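Below is one structure, written out as structure tokens; the observations come after it.
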There are 2 protein chains.
Amino acid sequence: MLIQLDLENAEPIYIQLQQQIIEGIAKKQLNPGESLPSVRSMAADIGINLHTVNKAYQHLKQDGYILIHRQKGVVINPDGVPKADGAYKEKLKANLRPFIADSVCRDLSEEEFIKYCSSIFAEFYNEEGDS
Amino acid sequence: MLIQLDLENAEPIYIQLQQQIIEGIAKKQLNPGESLPSVRSMAADIGINLHTVNKAYQHLKQDGYILIHRQKGVVINPDGVPKADGAYKEKLKANLRPFIADSVCRDLSEEEFIKYCSSIFAEFYNEEGDS
DNA sequence: CATCTGTTATACTATAAATATAACAAGCAT
DNA sequence: ATGCTTGTTATATTTATAGTATAACAGATG
């Protein structure tokens with residue numbers, strides 16, 4: 001799987017890595033049970049430090065995306081990702097609010113906003129299994 | 001206008017303040033031409049440092065939300081907020097992508113996601129002018 | 001036994017966030 | 001003219017996070 005990082009971006013590297021892996025799972029380029037590179041080889045591949053990779057992995061583990069076996073390595077959660085619960089949905093809404101407030105101020109209509117959301121959903125539903 | 005800050009939140013204070021003001025504008029509790037408290041009185045009101053308020057104001061100015069006159073003080077942009085342009089829309093889509101990828105993984109449907117967006121839009125359209 | 005795994009520990013640098021003072025310059029009211 | 005308020009600028013300090021650099025440990029596996 002191809003990992004794209006933007007070192008100039010203000011977003012921390014380990015967050016970007018986290019998001020790239022989540023996108024990979026969403027697009028089904030990464031499937032349940034599949035292995036991820038070890039912290040060391042992933043770090044070497046993308047040219048960052050081992051600890052930065054580990055930080056991303058620990059967060060993904062915390063969120064139920066992956067399992068980490070002490071010696072076997074890292075695998076995408078075979079049981080799939082935990083489904084969105086109430087707390088998750090509340091946090092999601094809280095996260096979306098600033099973007100929507102901003103859009104309202106800038107006269108970007110609800111229709112257009114939702115059109116963008118739909119187009120992003122389509123990205124994930126259509127690119128299933130592609131490289 | 002009531003400003004609500006959560007000092008425990010990881011979100012920087014100046015960002016929270018910025019968002020609160022933007023929400024105020026979206027809800028039309030704050031209208032074009034209206035004055036905002038000086039950096040000093042705002043800082044005293046909400047119990048933070050003058051520079052933290054100034055940082056929020058500078059960002060709002062940069063984004064076209066407010067005008068700052070050297071001695072007259074701070075006012076909501078009388079001409080209204082600049083409308084969303086192409087660059088803004090691209091950035092918005094890039095910002096939404098991680099949330100949507102996450103939702104897809106967690107089996108949260110496009111319909112439900114959009115329902116949340118609509119409910120937030122409704123918050124702003126319905127509470128116009130309320131305290 | 002050597003090698004690979006995640007893990008832990010320590011140290012260092014760089015940056016951002018927030019605060020604390022202090023001072024400056026321009027307008028305005030009395 | 002004298003204060004007062006305005007945003008602005010400058011300096012300094014503290015705290016926390018991000019990222020890197022090494023090193024070592026513990027448990028499997030070949």
Side-chain angles (χ1 to χ4, degrees), chain A residues 1 3-22 30 33-78 95 98, chain B residues 1 3-22 30 33-78 95 98:
Chain A
M1 182 200 173
I3 300 291
Q4 299 178 341
L5 298 184
D6 177 9
L7 301 183
E8 311 303 318
N9 194 336
E11 204 71 40
I13 299 175
Y14 77 96
I15 298 280
Q16 291 185 47
L17 176 55
Q18 223 178 307
Q19 290 174 347
Q20 292 278 310
I21 292 171
I22 292 175
L30 294 174
E34 194 167 331
S35 282
L36 253 55
S38 72
V39 289
R40 286 178 177 83
S41 68
M42 172 68 91
D45 281 356
I46 58 185
I48 64 174
N49 189 273
L50 155 167
H51 292 104
T52 307
V53 174
N54 189 247
K55 200 171 186 177
Y57 279 4
Q58 288 300 328
H59 283 185
L60 288 168
K61 171 189 173 190
Q62 187 67 31
D63 293 342
Y65 278 104
I66 63 177
L67 299 184
I68 303 181
H69 296 86
R70 178 134 195 145
Q71 275 75 28
K72 299 176 187 172
V74 181
V75 296
I76 307 296
N77 192 335
N95 285 330
Chain B
M1 184 201 171
I3 301 291
Q4 299 179 340
L5 298 183
D6 176 9
L7 301 183
E8 311 305 317
N9 194 334
E11 203 72 40
I13 300 176
Y14 78 96
I15 298 279
Q16 291 185 46
L17 176 54
Q18 224 178 305
Q19 290 174 347
Q20 292 279 310
I21 292 171
I22 292 174
L30 294 174
E34 194 168 330
S35 281
L36 253 55
S38 73
V39 288
R40 286 179 178 83
S41 68
M42 173 68 91
D45 282 356
I46 58 185
I48 63 174
N49 190 273
L50 155 168
H51 292 103
T52 308
V53 175
N54 189 247
K55 199 171 184 177
Y57 280 3
Q58 288 300 329
H59 283 184
L60 288 168
K61 172 189 172 189
Q62 188 66 32
D63 293 341
Y65 278 103
I66 62 177
L67 299 184
I68 303 180
H69 297 84
R70 179 137 196 142
Q71 275 75 27
K72 299 176 188 173
V74 181
V75 296
I76 307 295
N77 192 337
N95 286 330

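Convention: sequence-line order gives letters A, B, ...; per-chain numbering from 1. Quick caveat, the model's predicted, so the values are computed rather than measured.
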List, one per line, each side-chain donor-acceptor pair under 3.5 Å for residues 39-46 of chain A, sequence neighbours excluded.
| unit_1 | atom_1 | unit_2 | atom_2 | d |
| --- | --- | --- | --- | --- |
| A:S41 | OG | A:S38 | N | 3.3 |
| A:S41 | OG | A:S38 | O | 3.3 |
| A:S41 | OG | A:S38 | OG | 3.2 |

Please tabulate, for side-chain N and O atoms in residues 4-12 of chain B, each donor-acceptor pair with protein atoms closer than 3.5 Å (sequence neighbours left out).
| unit_1 | atom_1 | unit_2 | atom_2 | d |
| --- | --- | --- | --- | --- |
| B:D6 | OD1 | B:E8 | N | 3.0 |
| B:D6 | OD1 | B:N9 | N | 3.4 |
| B:N9 | OD1 | B:E11 | N | 2.9 |

For B:H59, the ring pair (Phe, Tyr, Trp, His ring centres under 6.0 Å) test, sequence neighbours excluded, returns B:Y14
If the condition is side chain to side chain donor-acceptor pair (under 3.5 Å), which residues does B:H69 pass it with, not counting sequence neighbours? none
Do the side chain of A:N77 and the main chain of A:G64 share a donor and acceptor less than 3.5 angstrom apart? yes
Measure the CG-CG distance between A:L60 and A:L67 for me, rounded to the nearest 0.5 Å. 11.5 Å
For DNA chain D, what residues of residues 47-57 of chain A have any heavy atom nearer than 4.0 Å? A:I48, A:N49, A:H51, A:T52, A:K55
Would you name the heavy atoms of B:L17 and B:V53 that are closest together and state the gap between them? CD2-CA, 4.0 Å
Pick out the pairs of N or O atoms, protein on one side and nucleotides 26-30 of chain C on the other, that lie under 3.5 Å.
| unit_1 | atom_1 | unit_2 | atom_2 | d |
| --- | --- | --- | --- | --- |
| C:dA26 | O4' | B:Q71 | NE2 | 3.2 |
| C:dA26 | N3 | B:Q71 | NE2 | 2.9 |

Taking any atom under 4.0 angstrom from a heavy atom of chain B, which nucleotides of DNA chain D are the first and last to qualify, 5' to 3'? D:dT6 to D:dA10
Specify the closest pair of heavy atoms between B:L30 and B:I21, including all atoms of both residues, with the distance to one decimal. CD1-O, 3.8 Å
To the nearest angstrom, the CZ-P distance between A:R40 and C:dC4 comes to 10 Å
Considering all heavy atoms, the nearest B:Y57-B:I68 contact: O-CD1, 4.1 Å
Let's see if you get this right: which residues in residues 4-21 of chain A place a heavy atom under 4.0 Å from DNA chain D? A:P12, A:I13, A:Y14
To the nearest 0.5 Å, atom CG of B:N49 lies from atom NZ of B:K55 at 11.0 Å
Those residues that, when tested against A:Q71, pass side-chain contact (heavy atoms from CB on, under 4.5 Å) (two or more places apart): none
What residues, two or more places apart in sequence or in another chain, satisfy side chain to side chain donor-acceptor pair (under 3.5 Å) together with B:S35? none
